[in-house]
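Right, one structure below, let's go through it.
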Protein chains: 2
Amino acid sequence: MNYPARMRTPHATAASATLALMASLTSPAVAEEGMWLPNAIPAAELKAKHGFEATPALLEHLQKSAVRFSTGGSGSIVSANGLVMTNHHVGSDMLAKLSTPERDLLKTGFLARDRGQELPCPDLELNVLWSIEDVTDRVNAAARGAADVAAAGAARRKAITAIEDESEKATGLTSEVVTLWQGSRYHLYRYRTYRDVRLVFAPETAIAFFGGDADNFEFPRYDLDCCFFRIYEDGKPLRPGHFLEWDADGAKEGELVFTWGHPGSTNRLYTADHVAFMRDVEEPMGLRRLWRSEVKQTTFMGRGAEEARIVREDFFGTQNGRKATQGLLDALQDPALVESKRAEEAALLKRLAGKPEAKDFEDGRRMVAESLEAWKRLAPDYFALERRMRGGELAGIARALLRMKAEDAKPSADRLPEYGDANRESLESGLYSPAPIYPQLEIERMTWMLSGLAEERGLDDPLVKRLLAGKGPRARATELVRGTKLADVAARRAPDMNDPMIAFMASIDADARAARKAWEDQVQSPQRDGYAKIAAARFAAFGDSVYPDATFTLRMSYGTVKGWTTEDGTKVPAFTTLGGTFTRAESRAGDPAFELPKSWIDARAKLSQATPFNLVSTNDIIGGNSGSPMVDAQGRVVGLIFDGNLDSLAGDVVFDMTRNRAVSVDVRGMLEAMRTVYDAGALVTELTTRGDAR
Amino acid sequence: MNYPARMRTPHATAASATLALMASLTSPAVAEEGMWLPNAIPAAELKAKHGFEATPALLEHLQKSAVRFSTGGSGSIVSANGLVMTNHHVGSDMLAKLSTPERDLLKTGFLARDRGQELPCPDLELNVLWSIEDVTDRVNAAARGAADVAAAGAARRKAITAIEDESEKATGLTSEVVTLWQGSRYHLYRYRTYRDVRLVFAPETAIAFFGGDADNFEFPRYDLDCCFFRIYEDGKPLRPGHFLEWDADGAKEGELVFTWGHPGSTNRLYTADHVAFMRDVEEPMGLRRLWRSEVKQTTFMGRGAEEARIVREDFFGTQNGRKATQGLLDALQDPALVESKRAEEAALLKRLAGKPEAKDFEDGRRMVAESLEAWKRLAPDYFALERRMRGGELAGIARALLRMKAEDAKPSADRLPEYGDANRESLESGLYSPAPIYPQLEIERMTWMLSGLAEERGLDDPLVKRLLAGKGPRARATELVRGTKLADVAARRAPDMNDPMIAFMASIDADARAARKAWEDQVQSPQRDGYAKIAAARFAAFGDSVYPDATFTLRMSYGTVKGWTTEDGTKVPAFTTLGGTFTRAESRAGDPAFELPKSWIDARAKLSQATPFNLVSTNDIIGGNSGSPMVDAQGRVVGLIFDGNLDSLAGDVVFDMTRNRAVSVDVRGMLEAMRTVYDAGALVTELTTRGDAR
């Protein structure tokens, strides 16, 4: 899962995480830190500190109004007629798929003037969390008596697939077992799933992503990063049991606010060794890959307008990932960060002195350290052949068809999980998607993959030799893309297993599966076991106040609307205004990333300049939270999360409330723009009345 | 030396070097291949094939009209008043140094309306080759009886410095011993050196580099990539003994043309193992570094107009290097290329069967292979600490001051060569240059260096620890740049050895020197000895028809004006026209790289549309040749080399006459643009009359 989330760090931020700011790493959550499970929110703390009463009814209402996007973001149901709010950069994948050379929705934006104009999305899936069940005992029971850590891990994975299949059959709900606290607990999450989703409104990228890479993760900010879809059921707009109302007055400075969204991944429970490993090995490796992609995509875009259009979404994703990873690495490369993790581990061990959990912690730490050695040994094959095997859409389709055939011959619980029964509908929705495939881009992607393998392994490597089949990377890529029939959806439904692209993927499938198994047995399983022991030690020391790392499942965070003071003493206010957008554009005249769309230039005089546009708050969020609703104490929408500031980019491993800020679009800015720039009165009415009006 | 040369391959070219095209690698030069020494041109072949008579007078005239730029390019004297023609992208380094936030010469271009307006360059040095002397025996004699290869190499380096010092003292000419055939011959080159050089004319970057990275190494092409300087001597324009006249009628299709310039480096004599090493190790490593720099520089440019201005030259250089290296790697990654090298080695050995040189060849090949193992082992330290130690201008100045002090205590022949007496004037010209230094860019460069070391070695590496001194890379870089006084030229002339930047460089100087010595002893010396043996074998097989690899010294290439047919059958004509420029701009409207400057838009109607603008020829050139004059059989200027096509990018290791093309600005296009767009009538007169008129 790639989180399109415009949320994780860039190099302009001085990597300045200090010891004091990192108290939260292994100790209980402090301040407004925390991505809380919807069934384990810190109710007492909220009551004590903020007088906030988390009633079961309100919690259920918020949970069932929240939406998870299959493409990797968050959203919420915001009208009685199934309207869904998310970010433009979460919806942009669909905008790209719905575009053609003649109709570039990313450039022009889109507004359906009536239901009939709403555009069905080719392969989008929205999920609403319906229930949670703790299945830890059953998962662990399956592993009891296993010969070793690897066998235990395999037994657990098999048990998980069985639980998911069983649940799906019994309830009809999409069922997913989530591994929490990096391996300490297993919860079964059940979702209502919607696959008839239609595009309602999107502004132009020029205002949704105003400032581009330069202003990404920055604040002050002026982005209308919103996008609206509508869920249909049986051909009619969904009449949801729950949806969020809008507070057209927005939030005030200092107000208590909540986000309900799906943070993708954090690693705050990582050991100091593991964080040092991220710093010295994993993140630099990720950055190298991103630098390469960014330059390759940039040069492809330079070939012409159509090339630029078809690769733009990938390109923005790469830039975003690069800025986020760079920001995280900047924070990690401050020697103080890992030192503080080491100090905290020492403090934890001191606290547990004499208890059996102290040994658990040390055992766990050792297992994690060992898994990291295996990581270094196994990563080249695992990443190249399995986890990061790229090569374009057609290569991905070819692998899925190949594996589906092989896996379908086995019972569901024995399959690779993504081919299990519980996942079948999602798999097919992607596999048979009518979304466009561009041969010229496919050739590029395959060339990038093949030349990348050649760069890493050399041309005399047996695998590289096999894949290139005596040709250069581009010649080979061209032959494969021109030769395959898989661009045609019908050819995917009845695949010819001799198709050149399927044959190509088949030629490395045994190696890829072996690399995956080695990874699961020697990296993943020992790491989970190790972290289960570490989590046990933390629970012993701190009880329930330890929230689990993010898992792209629903989490609540709370915080307050609040600016901050930068390291060099600049005070950054909490809000920007619509009027500020024009000032910013003028100050950066000549830079295409700061060129406002014509609709905004035309509407300037009519727009209420003082209307709040973007705002910051202390909520603890990360990539995947993009599109989360920000609600007030009554559960009404006051904003739409779309980014974090530069200081938030360390959030993968630490949370620093003094400067870490979540960035949202203010409801007031959205409404004023809809009314004045886009003449979208019906949409405004649907959002601000109880929605039945439309 | 970095050759700003817009000349070496990008990934759009199918890597298709076939066996047939590579006959030239170890066999004698065929067709119009060859970068010939000025004292060893293939006169018989030119006479036989083209009826061209290479008289000593003409050769001396061309040699003494050619100019080498200290910044890494070529040029020529083109008037009786010391006017020098080169490329805009060769002069652009000076244009940047002469610019300020208020006067951006790269953007606006420049024309001196009279001598008084000509702008003195801060630290440019132009060299004209005056004589050549073979010193092979003396250099080798110094190594006789040396204990081992390393000692022999050290003895040769010492002898070279002594020869240079001696020659410089005796003649007053800049003296440089050049290693030819990768180590088989040593020639002493003496140059007249000019340091009072002034800017006369430069067009806007928008037309000099029209099409930017997208069209770099492409053809058809529409670039006015020219720049004119004037040499002064004793405060007056130079009255040169030789200068090139212009042929205002230009060259015709099929005409014989010559370039006289300074190709930087080729590796055509490399063994097959060495080429495979380039493909699998060296070039991928170089690309990774370039990708990183390109993204870092792009994001810095994104911060604002001034940031974009001050890093733009570096950025173009990075993009150019990336496209060139990518093109070379594309060619190398065709398995056929190395296979053909292996086949040629087998053929050479067969030809030498029974002769002692067969053993020489095999010994040499083995020594080279061993040196490559040492390369892999030593490169991380050598590149990080010595050869590619970056960190900005101030870091470079600090290292030079530190080493100058240490080296000056020794006799010249014992010093690191760049601190020898023969090089003193050049060294000081750079060291005490008043060219602007930008603290914000210096902080970036130092941050990039420090974080790069941390990425490669990890934060627990002792060297990284020492350099970071407990801080993150950006914090440390900021402290060093803010703390040093070396931005002030006066502070460099009387340096405080406790200056923080000098102290920083001192803290790794012992490691850096050790890394350099290990490299020289274990990589460079064995490689030179190995290639000396290999060259002996080649001479035995082919005699004098083997030209040496490029060494950034003067070379002649001959060729014909000629289009080509691409792999997919498209015929590319030899010439483009001024009118085509506007058509191209329209077809890429909206892309900033294709935006014409106002001067051209305004002049469109007046410009003679059919005038030839750029042209291609079969001349064998490479990076460093940028700015070379292209002359006709009478030695008159018909064009100005500025690029190669995509197929030329394999030229580092192979020359493929069927598609490898040199790209020039046509004299007719230059003259028409000067007259009509820039109203530079005096310049036109100076170029087209015997120049005394002005």
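Chain identifiers are assigned alphabetically (A, B, ...) following the order of the sequence lines, protein sequences preceding nucleic acid strands; residue numbering begins at 1 within each chain. Any value given below was found using the heavy atoms of this structure, including those in side chains, with hydrogens, waters and symmetry copies removed.
Considering all non-hydrogen atoms of both residues, Ala214(A) and Gly302(B) come closest at CB-O, 3.3 Å. Val295(B) and Val295(A) make their closest contact through CG2-CG2, 4.0 Å (heavy atoms, listed as atom of the first residue, atom of the second, distance). Between Leu468(A) and Gln333(B), the closest heavy-atom pair is CD1-O, 4.5 Å. Summarising the geometry of Thr299(A) relative to Asp213(B), their closest heavy-atom pair is CG2-OD2, 3.6 Å, with the distance given to 0.1 Å.
For Arg588(A), the side chain to side chain donor-acceptor pair (under 3.5 Å) test picks out Asp591(A), with sequence neighbours left out.
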Show me the donor-acceptor pairs within less than 3.5 Å that the side chains of residues 476-483 of chain A make with the rest of the protein, sequence neighbours left out.
residue	atom	partner	partner atom	Å
Arg476(A)	NE	Leu467(A)	O	2.7
Arg476(A)	NH1	Glu479(A)	OE1	2.7
Thr478(A)	OG1	Arg474(A)	O	2.7
Glu479(A)	OE2	Lys471(A)	NZ	3.1

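For a residue to count as touching a neighbouring chain, one of its non-hydrogen atoms must lie under 4.5 Å from one of that chain's; by this rule Asp460(B) touches chain A with backbone and side chain alike. Residue Asp461(A) does not touch chain B at all, counting heavy-atom pairs closer than 4.5 Å. Residue Glu294(B) touches chain A through its side chain alone, counting heavy-atom pairs closer than 4.5 Å.
Per-residue heavy-atom pair counts under 4.5 Å with chain A were compared for Arg457(B), Met285(B), Arg292(B), Glu456(B), and the maximum is reached by Arg292(B). The residue among Ala276(A), Pro335(A), Pro284(A) with the most heavy atom pairs within less than 4.5 Å of chain B is Pro335(A). By number of non-hydrogen pairs under 4.5 angstrom with chain B, the leading residue of Gly211(A), Gly458(A), Ala305(A) is Gly458(A).
Distance OG1/Thr298(B) to CD/Gln319(A): 8.5 Å, rounded to 0.5 Å.
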**Request:** Give the C-alpha distance, both sets of side-chain angles, the deciding distance and a yes or no for side-chain contact (heavy atoms from CB on, under 4.5 Å) between Trp291(A) and Lys296(B).
**Result:** CA-CA 9 Å; Trp291(A) 290 325; Lys296(B) 300 251 177 214; 4.0 Å; yes

**Request:** Applying side-chain contact (heavy atoms from CB on, under 4.5 Å), run through Leu329(B) and Glu455(A) and close with a yes or a no.
**Result:** CA-CA 9 Å; Leu329(B) 187 59; Glu455(A) 287 156 19; 4.0 Å; yes

